[in-house]
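As the structure lists them, so they are numbered: ligands from 1, and atoms in each ligand from 1. Residues take their numbers from the sequence shown, with the count starting at 1.
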Amino acid sequence: MTEPKLSPNSANVDQEQFLTILSREEALARFEAALFPRDLTADDLALADAMGLVLANDVVAVVDVPPFDRSNVDGFAVRSADLVAAGEALPVRLLLNDEVIACGTAPQLPVKQGTATPIATGGPIPRGADAVVMVEHTQPAGSGAIEIRRATSPGQFVSYAGSDIACGEVLLRSGTLIGSREIGMLAASGVARVSVVKKPRVTIISTGDELVQPGQALRPAAIFDTNGAIVTAAVSENGGEAHFLGAFPDDEDKLEHVMREALATSDMLILSGGTSKGEGDVSHRIVARLGEPGIIAHGVALKPGKPLCLAVCDGTPVVILPGFPTSAMFTFHDMIVPVLRRLAGLPPRNDARVTAKVPVRIASELGRTEFVMVALVEGDGGLIAYPTGKGSGAITSFAQADGFLKIDALAEQMPAGTQAEVTLFTPHVRVPDLVIVGSHCTGLDLVTEPLARAGLSVRSISVGSLGGLSAARRGECDLAPIHLLDEKTDTYNTPFLVEGLELVPGYRRMQGIVFRAGDKRFESLNAEDAVRAALKDPSCLMVNRNQGAGTRILIDRLLGEARPDGYWNQPRSHNAVAAAVAQNRADWGMTIAPVAHAAGLGFMPFAEEHYDFALVTARKQRPAVRAFLDALASAEVQKALERAGFRPA
Ligand code: AMP
Ligand code: MG
């Protein structure tokens, strides 16, 4: 029996992928070994055109800056020895030489003992002089003389030749990114042209039948192409010249044609999508036949980002990023940026890091280096890092995050309370002025709007009502929005408060049954009757909510023991319920009135829910908290809430 041969051109590549998952270190090392060392192409450019580019060589100063000893002030060039004894009681009189040294004037006369020469800021120090006295420290003393009443030390107000930049000194190192400061230094040294690294031309292609470019209409089952925009921007951020070709359907022949064309004119080719082992995943099969040595890693022990595919095709790096935007971004930054920066002649990224406490346990998959995005807030005992992840498909987790932490491949979890190192997305920590942790609601944005206008930054982290209460108890936030019904007392929120927290009444949200407008089964019924009718009709499909949601408690009340079809469809948000009904995946569900109306659905009110705020009493006097409370009580916000379908408490 012969061994089955694993050819990268055959469907067996999927099988191979599972056999050869590399660690991130191994994958990166192999990728870099296949690409470097290599010569970078340099361009000789005029200084004005070099802005934003990277120096290809060290620049050595060929002149001294300043080129001569010069005066730093307007005043008089003197011999300091003449003024050693000068003081309030002992003025020294100096005769003025018959010239004035302006900027750009070469001195003609020496400064002899007992004399001084008028000199302007920037003027060359004449022969014999070794110091300058400021004009403010002199008095005229008859014609052609001045009087000085303070001692002067040698070198006072003199910049010596080469003291700024010395001839022969390395002015700027190769790899320096040229900005206005660098341009200034080069100009001061008389450098008119510089050798810069030619930006690597990076072609970006999105793949997937489902992708639509932003600005175009979203057809059913389609999504906007996120990776195209974000990878293009990230390439530019890291020294590449990005060329985005758009999104292409999963058509092997067409895609291969586009890829071959792009490869001919690119220093790097980056695709996203189509790298898993699904039916339509064709890009990695194409990469395998584009040139030698071909695929270097397909499957890396990263989370998110396992399906990452790295290849080198006849010297050109070809990368297929995973399709999910978060996975695409993490793998791009962790595995592609180091290579791209080397191609661009840039030094490795030097991201700022801080240490922060992780308030909750984070589970992690054994065997994969895991990246977890976190939002930083100021807790009572220092920085707190809240995981913002919503899964690798979520893009907002990026927007809300300040950075990420890494969980080692060999760890199964990061325990609550860990002091973790957080790599920042920005050079500095930006701790928000107001931290809101709890249940999210679209109405909240209306309350915080005046704060944003006043320049206060607000961070809202949605972890549900109970999670918010825990965070408030631990002193990790200012406010926790909650909507919890205590069934025993049939009251909202107050029974859940503990010492140190107080209730700030928020607003009311009407919960009710949604259905598609025009659905005869529900029209003109009230909520209870509608659910009764739905339960009698076996073709009627519901959409539920997740356990622990305030809405779920209300649904359970209506359903009693019944478990109709659709009961196990339990999305986690008001909007998902509306989308399921609007898109005909369910016939009814429960959501809040503003969401129902925004989705154009029929709505039968059922119960008014209290959405209030648990305020950490110890933080009540903070300016941002006071601003929040003022905003909440303001007529402006109350009106905005009403317009959006909420009822102020
Ligand atoms: P794939 O790797 O092609 O199977 O894609 C995995 C997931 O990522 C799918 O849900 C895709 O719809 C999604 N995806 C792929 N490419 C993009 C993109 N450019 N923008 C947003 N989502 C994408
Ligand atoms: Mg795809």
Side-chain angles (χ1 to χ4, degrees), residues 11 13-18 21 27 202-237 240 242-256 258-259 262 268-288 295 297-311 318-336 368 371 373 389-399 401 571 576 579 583 585:
V13 78
D14 299 335
Q15 202 180 341
E16 185 189 43
Q17 176 190 330
F18 284 105
I21 299 255
V202 182
T203 302
I204 297 130
I205 296 173
S206 297
T207 73
D209 295 338
E210 73 279 26
L211 300 179
V212 168
Q213 291 307 313
Q216 294 174 353
L218 207 54
R219 48 174 199 276
I223 58 169
F224 287 120
D225 174 8
T226 311
N227 296 344
I230 198 166
V231 173
T232 302
V235 163
S236 306
E237 267 177 0
H243 293 265
F244 175 47
L245 298 188
F248 290 80
D250 298 303
D251 175 322
E252 197 158 345
D253 293 339
K254 284 201 188 114
L255 198 54
E256 177 162 357
V258 176
M259 285 166 74
M268 189 176 205
L269 178 57
I270 303 180
L271 283 85
S272 67
T275 173
S276 328
K277 55 185 197 81
E279 248 315 283
D281 296 324
V282 295
S283 4
H284 63 89
R285 277 183 237 158
I286 302 169
V287 171
I295 291 177
H298 189 184
V300 182
L302 284 172
K303 188 174 181 180
K306 181 161 136 194
L308 175 68
C309 179
L310 305 173
V318 178
V319 171
I320 316 177
L321 301 171
F324 276 132
T326 308
S327 315
M329 270 341 277
F330 267 111
T331 47
F332 180 82
H333 279 290
D334 196 51
M335 307 287 286
I336 315 307
R368 286 161 78 184
F371 297 100
M373 276 184 276
K390 296 184 182 173
S392 51
I395 186 72
T396 47
S397 36
F398 248 125
Q583 293 164 11
R585 290 200 304 115

**Message:** Yes or no: does Pro322 have any heavy atom under 4.0 Å from an atom of ligand 1?
**Reply:**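 It does not; every heavy atom stays at 4.0 Å or beyond.
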
**Request:** Give the atoms of ligand 1, by number and element, whose distance to some non-hydrogen atom of Phe224 is under 4.0 Å.
**Result:**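 Going through ligand 1 atom by atom, the ones under 4.0 Å from Phe224 are 20 (N), 21 (C).
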
**Message:** Suppose I only count heavy atoms of Asp281 and a 4.0 Å limit; which atoms of ligand 1 are within that range?
**Reply:** 3 (O), 4 (O)

Out of curiosity, [X] [atom1] to [Y] [atom2], how far, rounded to the nearest 0.5 Å?
| X | Y | atom1 | atom2 | result |
| --- | --- | --- | --- | --- |
| Phe244 | Gln213 | CZ | CD | 4.0 Å |
| Leu271 | Ile204 | CG | CD1 | 10.0 Å |
| Asp225 | Thr232 | CG | OG1 | 8.5 Å |

**Message:** Considering both backbone and side-chain atoms of Gly273, is one of its nitrogen or oxygen atoms within less than 3.5 Å of a nitrogen or oxygen in ligand 1?
**Reply:** no

Looking only at protein heavy atoms, identify the closest one to [atom] and say how far it is in Å.
| atom | value |
| --- | --- |
| atom 18 (C) of ligand 1 | Asn227 ND2, 3.3 Å |
| atom 10 (O) of ligand 1 | Phe324 CE2, 3.6 Å |
| atom 20 (N) of ligand 1 | Thr226 N, 2.9 Å |
| atom 9 (C) of ligand 1 | Glu210 OE2, 4.1 Å |

Have a look at [options] and point out the one with the heavy atom closest to [atom].
| atom | options | answer |
| --- | --- | --- |
| atom 3 (O) of ligand 1 | Ser283, Ser272, Gly274, Ala247 | Gly274 |
| atom 22 (N) of ligand 1 | Thr207, Ile223, Asp225 | Ile223 |
| atom 5 (O) of ligand 1 | Ala221, Gly228, Pro307, Gly323 | Gly323 |

**Request:** Would you mind reporting whether Leu269 and Ile205 have side-chain heavy atoms less than 4.5 Å apart?
**Result:**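 Ile205 reaches Leu269 side chain to side chain.
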
**Asked** Would you call Val235 and Met268 a side-chain contact if the rule is heavy atoms closer than 4.5 Å?
**Response** no

**Request:** Verify, without hydrogens or angle tests, whether Arg368 (side chain) and Ala301 (backbone) share a donor-acceptor contact under 3.5 angstrom.
**Result:** no

**Prompt:** Checking Ser272 side chain against Pro322 main chain: does a donor-acceptor pair fall under 3.5 Å?
**Reply:** no

**Request:** Report the part of Ala328 (side chain from C-beta onward, or backbone N, CA, C, O) that has a heavy atom under 4.0 Å from ligand 1; answer both or neither where that applies.
**Result:** neither

**Prompt:** Which word best sums up how the rings of His298 and His284 line up, parallel for under 30°, tilted for 30 to 60°, or perpendicular for over 60°?
**Reply:** tilted

